[in-house]
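Values below: every heavy atom of this structure, side chains too, minus hydrogens, waters and symmetry copies. Values in this document were obtained by computation on a predicted structure and should not be read as measured data.
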Amino acid sequence: MLLAVLVGVAVLAATVPAVAQRSAHSPSQPILFQADQVEYDQDLGLTVARGHVELDEANQILLADTVTYNQRTDTVTASGHVSMLQPEGDIVFADYMELHDQLRDGFITDVRILLTDRSRLAANTGRRIDGGNRTELRRGVYSPCELCKKDPTKPPVWQIKAERIVHDKPAQRIKYYDATMDIDGWPIFYTPYFSHPDPTVKRASGFLPPIYGAGATLGLHITTPYFWAIAPDKDITFRPMITQSAGFVLDQEYRQDWGFGRLDLDGSIGAGGPEVQTGPLGVPNATSSLTSIRGHFFGNGIFDLNQNWRTGFGLQRVSDQAYLLEYHFPQPTNFLTSHVFAEDFGPQSYGNISAYSFQSLNSLVGDGIQPIVLPTASYDWTSNPDRIGGRLELSGNVLNLERHSGADMRRVSTKSEWRLPFNGPLGDRYAFSMSLRADGYDSDNVQVASTDQVLHAGASGRVFPQAALLWRYPWVRSDFHTSEVIEPMAGFIAAPNGGNPAIIPNEDSQGFEFDETSLFRPDRLPGYDRVDSGQRVDYGLHTGIYNAEYGSSSILVGQSYRLEKQSPFQIGSGLENQMSDVVGHLLLSPSTLLDLHYRMRLDHATLAMRRQEMGVSTGPTNLRVSASFISFKSIPGLTSPAQIGDQISVAVNAALTQYWSLGVHDTRNISQGGNTIYSGVDLTYQDDCLAVTTSVQQSGITVGDVHPGVSVLLTFVFKNLGSTGVKLTSMQE
């Protein structure tokens with residue numbers, strides 16, 4: 001007979017006094033239990049429930065074949081298929097439990113615990129103390145790995161065995177004493193003490209797995225990180241590195257989040273290594289001497305000041321050009337940029353004020369010629385549409401730029417532009433715009449002739465009007481699945497000739513590259529210091545096929561013709577002649593198995609290749625091959641070797657089995673005998689609880705004490721424990 005009894009009403013009439021006596025010692029919520037059969041022995045003070053027993057007390061649910069309650073000792077014993085669900089979600093399985101204090105404390109045999117993240121603890125015996133806040137296991141095992149479905153008796157991928165395991169719930173840690181780590185049943189590591197956060201913890205203070213290595217530059221080295229969770233909104237990580245040949249480095253990272261912003265500071269200081277030349281390169285009167293004290297500082301932050309304004313910074317500085325590579329810190333580019341800014345987001349406007357400084361990591365470029373921008377400010381405003389659909393845009397910019405060696409300048413620029421899009425009578429589309437721009441400069445040491453080194457100082461300026469009319473006529477044919485588009489395009493842009501006198505310095509318009517993305521822009525030059533003067537006609541053809549099932553493909557080819565014979569563009573830009581080079585791109589993505597893009601620039605007269613880029617990615621997800629190629633060919637009249645070269649990159653990623661994968665990548669400068677820039681092979685094993693990656697990397701970079709070489713890195717990632725890396729070897733040429 002199935003009974004369901006709420007204690008406080010009755011289990012049986014004889015059980016009521018026992019519960020009342022217990023409640024006097026430790027008041028609790030009512031106990032609900034059910035069973036197939038219940039017996040009570042008044043002489044012994046025992047209540048015995050048998051058959052599918054379920055007992056619920058203090059948000060803990062106990063299931064067993066047999067449950068006995070001893071009124072005199074206030075003890076509950078459970079046997080036969082025992083399981084107990086705890087309030088935090090852990091489930092305890094056992095053959096036998098002896099519990100008291102509202103099921104919170106007691107003794108357990110053959111215990112097995114399933115934690116909330118599905119990791120497991122098991123032991124011969126265990127006990128719960130301190131009101132259930134502490135569980136101690138004897139001769140225990142921990143593993144987050146799933147057991148083999150075909151053979152559950154087989155050891156998991158990895159596990160930790162210990163003479164004693166303690167789960168400290170208030171501290172949210174699992175501690176191991178006399179512990180051994182097994183991988184695939186083989187013991188590989190022993191430690192007298194070890195601990196890690198339990199599954200309820202997202203961030204916890206403690207030592208992170210160490211990283212070991214060996215190399216020609218650093219020798220044997222070890223990094224032992226320590227993570228300090230200062231508060232829920234802030235933390236710091238210390239990463240001290242001790243090396244055999246290059247001293248020691250203390251690296252640390254501080255992070256903090258607020259409701260209105262975030263901060264990330266990363267820096268290091270090293271000492272005890274070989275003495276190197278530090279300080280800015282090529283800066284007049286800058287004192288610098290040989291020293292072994294080196295370091296770096298990277299930092300960024302962003303903060304909301306109010307609904308419209310926010311401010312932020314990004315700082316990047318290093319003691320010398322080789323430091324980041326030598327000590328294996330990430331090196332972003334060949335130049336480090338420090339930037340401080342504040343910006344305003346209005347309903348129809350945007351404002352920005354910034355300051356910049358740069359540091360060269362290129363041994364051929366000194367810091368003395370790097371610009372210091374303090375400050376630059378810009379503001380843009382766009383009106384609502386007028387009665388015929390046009391919009392007025394107003395913008396302004398001010399700049400103060402200085403150098404230790406070279407040109408300095410101050411600039412003020414303003415621009416007003418009116419734009420009107422409209423439809424033609426044949427379904428064609430037009431975009432008309434007219435603008436007026438005024439620029440004023442005050443500069444020093446401006447080189448106005450590269451041959452005789454003539455320098456200019458003083459004020460200069462210009463007023464530059466421009467008008468543009470762009471046209472495109474899309475022809476579209478569609479059926480049930482496919483749309484085909486043929487779209488001729490043309491544009492006429494008119495502005496006065498000239499506008500770029502030599503006495504106006506060129507600071508922000510040097511990095512121009514003519515391609516299909518800039519073909520139809522009225523002002524194709526970036527920045528403010530140069531204007532796209534004269535009159536020209538742009539024309540091109542765009543066509544594409546689009547299918548919802550099979551993907552899409554598109555082609556764009558175009559060219560520009562300038563009415564003026566003299567060009568404001570430099571040789572090699574593709575716009576130095578009246579007839580520009582031919583530019584275009586091809587995008588091909590017929591299915592998920594193929595993605596291809598190709599961009600090119602052809603000589604206007606001979607159609608010889610001047611620049612081309614190609615990228616392709618093909619294959620299913622378990623065997624993906626990708627490649628990219630970029631080529632700059634020699635241009636008549638331009639002999640700079642920096643403008644000539646071919647580079648190719650290839651990568652293959654293959655899933656060999658369910659758990660094993662292989663990655664191969666190679667980047668080479670094929671115009672210089674196929675010299676390697678960077679290449680490597682990664683072999684990875686990854687399952688539900690372990691990842692192991694063996695990487696063989698080859699670098700062709702030379703900076704300071706860093707030379708081309710090969711390194712081998714072995715990385716382990718253990719679920720719930722983190723990762724550790726071992727740099728097995730590093731050989732340099």
Side-chain angles (χ1 to χ4, degrees), residues 260-261 302-312 339-356 373 375-400 410-424 428-441 461-474 487 489-496 499 507-509 511-512 515-536 538 542:
F260 58 87
I302 189 166
F303 310 95
D304 296 327
L305 302 180
N306 55 37
Q307 184 177 358
N308 296 329
W309 279 91
R310 74 177 182 182
T311 185
H339 176 207
V340 180
F341 67 91
E343 51 189 351
D344 170 42
F345 299 89
Q348 296 172 237
S349 63
Y350 173 76
N352 182 291
I353 180 169
S354 300
Y356 294 88
V373 179
T376 178
S378 61
Y379 186 79
D380 299 278
W381 174 84
T382 302
S383 72
N384 293 319
D386 55 28
R387 288 181 297 177
I388 61 175
R391 291 179 182 267
L392 177 65
E393 297 182 7
L394 302 177
S395 61
N397 176 266
V398 296
L399 171 73
N400 178 61
R410 279 68 56 193
R411 181 187 68 208
V412 177
S413 297
T414 61
K415 182 181 180 180
S416 61
E417 182 176 15
W418 184 72
R419 296 182 178 180
L420 176 66
F422 60 95
N423 296 326
D428 47 347
R429 293 282 295 165
Y430 292 86
F432 174 74
S433 65
M434 55 183 181
S435 63
L436 179 65
R437 180 171 139 189
D439 305 314
Y441 289 82
R462 63 174 164 234
V463 175
F464 182 73
Q466 189 181 60
L469 180 64
L470 305 180
W471 168 85
R472 59 187 180 92
Y473 191 9
E487 186 180 29
M489 297 180 292
F492 178 71
I493 293 91
E507 294 291 346
D508 61 7
S509 300
F512 171 72
D515 56 27
E516 77 285 351
T517 62
S518 59
L519 175 62
F520 293 99
R521 292 179 186 169
D523 189 356
R524 295 172 293 194
L525 284 161
Y528 293 88
D529 294 336
R530 289 293 180 266
V531 295
D532 196 348
S533 59
Q535 305 85 48
R536 73 177 196 268
D538 302 327
H542 167 247

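- A heavy-atom distance below 4.5 Å is found between the side chains of Arg524 and Asp538.
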Exercise. Yes or no on side-chain contact (heavy atoms from CB on, under 4.5 Å) for Val398 and Asn400, after CA distance, side-chain angles and deciding distance?
Worked result: CA-CA 7 Å; Val398 296; Asn400 178 61; over 6 Å; no

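- Scanning all heavy atoms of the two residues, the minimum distance from Thr382 to Gln348 falls at O-NE2, 2.7 Å.
- Nearest approach of Pro385 to Arg391, heavy atoms of both residues: CG-NH2, 3.4 Å.
- The side-chain heavy atoms of Glu393 and Asp380, taken from C-beta on, include no pair separated by under 4.5 Å.
- Of the N and O atoms on the side chains of Tyr441 and Asp529, at least one donor lies less than 3.5 Å from an acceptor on the other residue.
- Residues Tyr379 and Tyr350 place their aromatic rings such that the two centres sit no closer than 6.0 Å.
- Checking side-chain atoms of Ser509 against main-chain N and O of Pro526 turns up a donor-acceptor pair under 3.5 Å.
- Checked by atom type and distance alone, the side chain of Glu343 never pairs as donor or acceptor with a backbone atom of Arg310 at under 3.5 Å.
- Residues Trp471 and Leu469 have side chains not in contact (no heavy-atom distance under 4.5 Å, counting atoms from C-beta outward).
- Taken to the nearest 0.5 Å, the CD atom of Glu507 stands 15.0 Å off from the OH atom of Tyr528.
- Remark: Asp344 CG to Leu305 CG distance equals 10.0 Å, nearest 0.5 Å.
- Using a 4.5 Å heavy-atom threshold, the side chains of Arg462 and Arg437 count as touching.
- The OG1 atom of Thr414 sits 9.5 Å away from the CG atom of Leu394 when rounded to the nearest 0.5 Å.
- Using a 4.5 Å cut-off on side-chain heavy atoms (C-beta onward), Asp532 and Arg521 make no contact.
- Glu417 has a carboxylate O that lies under 4.0 Å from a charged side-chain N of Arg419, or vice versa, which qualifies the two as a salt bridge.
- Between Arg429 and Pro421 there is a side-chain heavy-atom pair separated by less than 4.5 Å.
- The aromatic rings of His339 and Tyr356 lie parallel to each other, with less than 30° between the two planes, well short of the 60° mark.
- Contact of the Ser378 side chain with the Ser395 side chain is not registered, since no non-hydrogen atoms from C-beta on lie closer than 4.5 Å.
- Within the model, atoms CG of Leu436 and CZ of Phe464 stand 10.0 Å from one another, a figure rounded to the nearest 0.5 Å.
- Between Ala495 and Pro465 the shortest heavy-atom distance is CB-O, 3.4 Å.
- Atom CD1 in Ile493 sits 8.5 Å away from atom CZ in Phe520 (nearest 0.5 Å).
- Atom CZ of residue Phe260 and atom CD1 of residue Ile302 lie 12.5 Å apart, to the nearest 0.5 angstrom.
- Ion pairing between a basic and an acidic side chain is recognised when a charged N comes within 4.0 Å of a carboxylate O; Asp508 and Arg411 show such pairing.
- Judged by distance alone, the side chain of Asp428 and the main-chain N or O of Asn423 form no donor-acceptor pair under 3.5 Å.
- The aromatic rings of Trp418 and Phe432 sit perpendicular, their planes meeting at an angle over 60°, well past the 30° parallel limit.
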